[in-house]
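Working notes, structure below.
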Amino acid sequence: MGTAETDPQPSRFKGGPERRDPIPATSGLGHGGWRVLTAVVLLVGVTAVWGSTFLVIQDVTRRMSVLDFLAARFVVGALALALVRPRAVVRLDAAGWTRGAALGLALGVAYALQAFGLHYTSATVSAFITGLFVVFTPLLAAVVLRQRVTLATWAGLVLAVNGLGLLTLRGISLGPGELLTLGCAVCIALQILGTSAWAIGRNPYGLAFAQTLTVAVVASATAAVGGLNIVPPDASSWLAVLWTAGFATAAALVIQTWAQTRISATRAAVIMTLEPVFTAVIGYLAGHGLTYRQVCGAGLVLGAMLVVELGSTPAKRQHRPAAMPQR
């Protein structure tokens with residue numbers, strides 16, 4: 001989620017730490033520029049990890065319900081974060097807990113809406129509609145944070161949406177499943193936007209823990225409707241839970257939260273559309289087919305990221321979103 005898509009606009013939000021010094025663009029690659037580049041590279045790595053989980057989740061959800069698996073994944077993820085750095089968790093202040101819980105609520109509701117939506121629509125359509133968070137993120141940034149979206153960013157978004165369509169779609173109609181999944185995309189956009197706005201000046205580790213714990217609670221409560229059973233049934237399921245909890249949840253959220261202190265929400269959203277690209281590549285390496293259509297879609301998504309990165313404004317015009325108000 002990047003730094004260079006917006007021109008400075010006066011913020012009406014107060015109550016959080018204000019960033020007065022602009023983040024240098026990667027074009028200069030000074031000390032700050034290397035941090036921005038590191039954030040981009042790490043976020044691409046996180047997206048690759050998320051893409052790798054598709055086959056794992058597809059396998060484990062044959063033996064566990066989707067909601068039970070999500071609850072187990074985030075419960076274990078929260079426990080892992082608490083055990084690795086308990087002091088970072090204890091030192092999180094009330095505002096950090098509130099903001100982390102709000103971000104976790106958005107993410108937890110997103111997962112729940114996606115899970116329920118899959119009862120009424122196909123996985124490919126779900127993947128495409130979920131990926132529309134790349135459109136909602138700059139739209140919400142413009143409305144909530146008064147940020148102007150540049151022409152380069154809009155061009156990147158058009159490429160990303162078309163790429164997602166080629167990667168995932170085989171036809172689409174609008175019904176309950178699609179509407180639920182659209183709500184999922186909006187919630188993910190809110191989580192991305194909120195992370196960029198609220199992570200500034202806060203410990204990314206503690207904020208990631210608050211998010212993970214909140215999603216664990218939301219997922220467990222949602223799963224409890226049909227009877228909660230978060231204990232994996234076999235060794236293979238345990239490995240799936242541990243992999244997704246440790247790398248795709250705990251570590252991924254910490255990295256995402258830190259990265260979004262260096263790059264903007266819209267830039268991050270475009271980078272995150274690489275997930276289905278990595279899913280397609282990993283699926284191909286695992287023996288699944290890769291069609292010409294999917295290759296073209298992957299190329300468009302990569303092109304979208306390149307357009308947004310090259311369209312970054314000079315350092316002197318960059319800024320980060322102002323912090324959102326305390327609630």
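Sequence positions, counted from 1, serve as the residue numbers for this chain.
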For [X] versus [Y], what's the shortest heavy-atom pair and its separation?
{"X": "F116", "Y": "L67", "answer": "CZ-CD1, 4.2 Å"}
{"X": "G131", "Y": "T273", "answer": "O-CG2, 4.4 Å"}
{"X": "I282", "Y": "G51", "answer": "CD1-C, 4.1 Å"}
{"X": "G104", "Y": "T214", "answer": "C-CG2, 3.7 Å"}
{"X": "A72", "Y": "M64", "answer": "CB-CE, 4.3 Å"}
{"X": "L113", "Y": "C184", "answer": "CD1-N, 3.6 Å"}

Could you tell me the separation between the [atom1] atom of [X] and the [atom2] atom of [Y], rounded to the nearest 0.5 Å?
{"X": "T195", "Y": "L253", "atom1": "OG1", "atom2": "CG", "result": "8.0 Å"}
{"X": "T181", "Y": "E178", "atom1": "OG1", "atom2": "CD", "result": "6.5 Å"}
{"X": "L182", "Y": "C187", "atom1": "CG", "atom2": "SG", "result": "10.0 Å"}
{"X": "M272", "Y": "W50", "atom1": "CE", "atom2": "CH2", "result": "4.0 Å"}
{"X": "T257", "Y": "L207", "atom1": "OG1", "atom2": "CG", "result": "5.5 Å"}
{"X": "D59", "Y": "L55", "atom1": "CG", "atom2": "CG", "result": "9.0 Å"}

Cut-off 3.5 Å, no hydrogens considered: what does the side-chain donor-acceptor table look like for residues 241-248, sequence neighbours left out?
{"unit_1": "T244", "atom_1": "OG1", "unit_2": "A240", "atom_2": "O", "d": "2.8"}
{"unit_1": "T244", "atom_1": "OG1", "unit_2": "V241", "atom_2": "O", "d": "3.2"}

With sequence neighbours excluded, what pairs up with [X] under the side chain to side chain contact (heavy atoms under 4.5 Å, CB included) test?
{"X": "A80", "answer": "none"}
{"X": "F54", "answer": "Q58, T279"}
{"X": "A298", "answer": "L167, V277"}

Could I get the full list of ring-ring contact (aromatic ring centres under 6.0 Å, His included) partners for Y111, not counting sequence neighbours?
F74
Look at the side-chain heavy atoms of Ile, Leu, Val, Met, Phe, Trp and Tyr, link any pair under 4.5 Å apart, and say whether [X] and [Y] land in one connected group.
{"X": "V186", "Y": "L180", "result": "no"}
{"X": "L118", "Y": "L132", "result": "no"}
{"X": "V56", "Y": "V66", "result": "no"}
{"X": "L107", "Y": "F133", "result": "no"}
{"X": "L140", "Y": "V134", "result": "yes"}

Under 4.5 Å side-chain linkage, directly or through intermediates, the cluster mates of [X]:
{"X": "L83", "result": "none"}
{"X": "V158", "result": "none"}
{"X": "F209", "result": "L81, V84, V89, L92, W97, Y205, L213, V254"}

Hey, are the side chains of [X] and [Y] touching, using non-hydrogen atoms and a 4.5 Å cut-off?
{"X": "R262", "Y": "L42", "value": "no"}
{"X": "R267", "Y": "L43", "value": "no"}
{"X": "L166", "Y": "N162", "value": "no"}
{"X": "W258", "Y": "T38", "value": "yes"}

Just checking L151: does its CG atom have more than 12 heavy atoms from other residues, nucleotides or ligands closer to it than 6.0 angstrom?
no
So, Q260 side chain and I192 main chain: donor-acceptor pair closer than 3.5 Å or not?
yes
According to the ring-ring contact (aromatic ring centres under 6.0 Å, His included) rule, which pairs have a member within residues 136-166, sequence neighbours left out?
none
Are Q256 and Q211 linked by a side-chain donor-acceptor pair shorter than 3.5 Å?
no
Would you give me the side-chain donor-acceptor pairs under 3.5 Å for residues 216-232, sequence neighbours excluded?
{"unit_1": "S220", "atom_1": "OG", "unit_2": "A216", "atom_2": "O", "d": "2.7"}
{"unit_1": "T222", "atom_1": "OG1", "unit_2": "V218", "atom_2": "O", "d": "2.8"}

Any pair with a residue in residues 82-94 that passes salt bridge (Lys or Arg N to Asp or Glu O under 4.0 Å), sequence neighbours left out, goes on the list, sorted by first then second residue, please.
D93-R202
Residues 215-242 vs salt bridge (Lys or Arg N to Asp or Glu O under 4.0 Å), sequence neighbours excluded, gives R63-D234
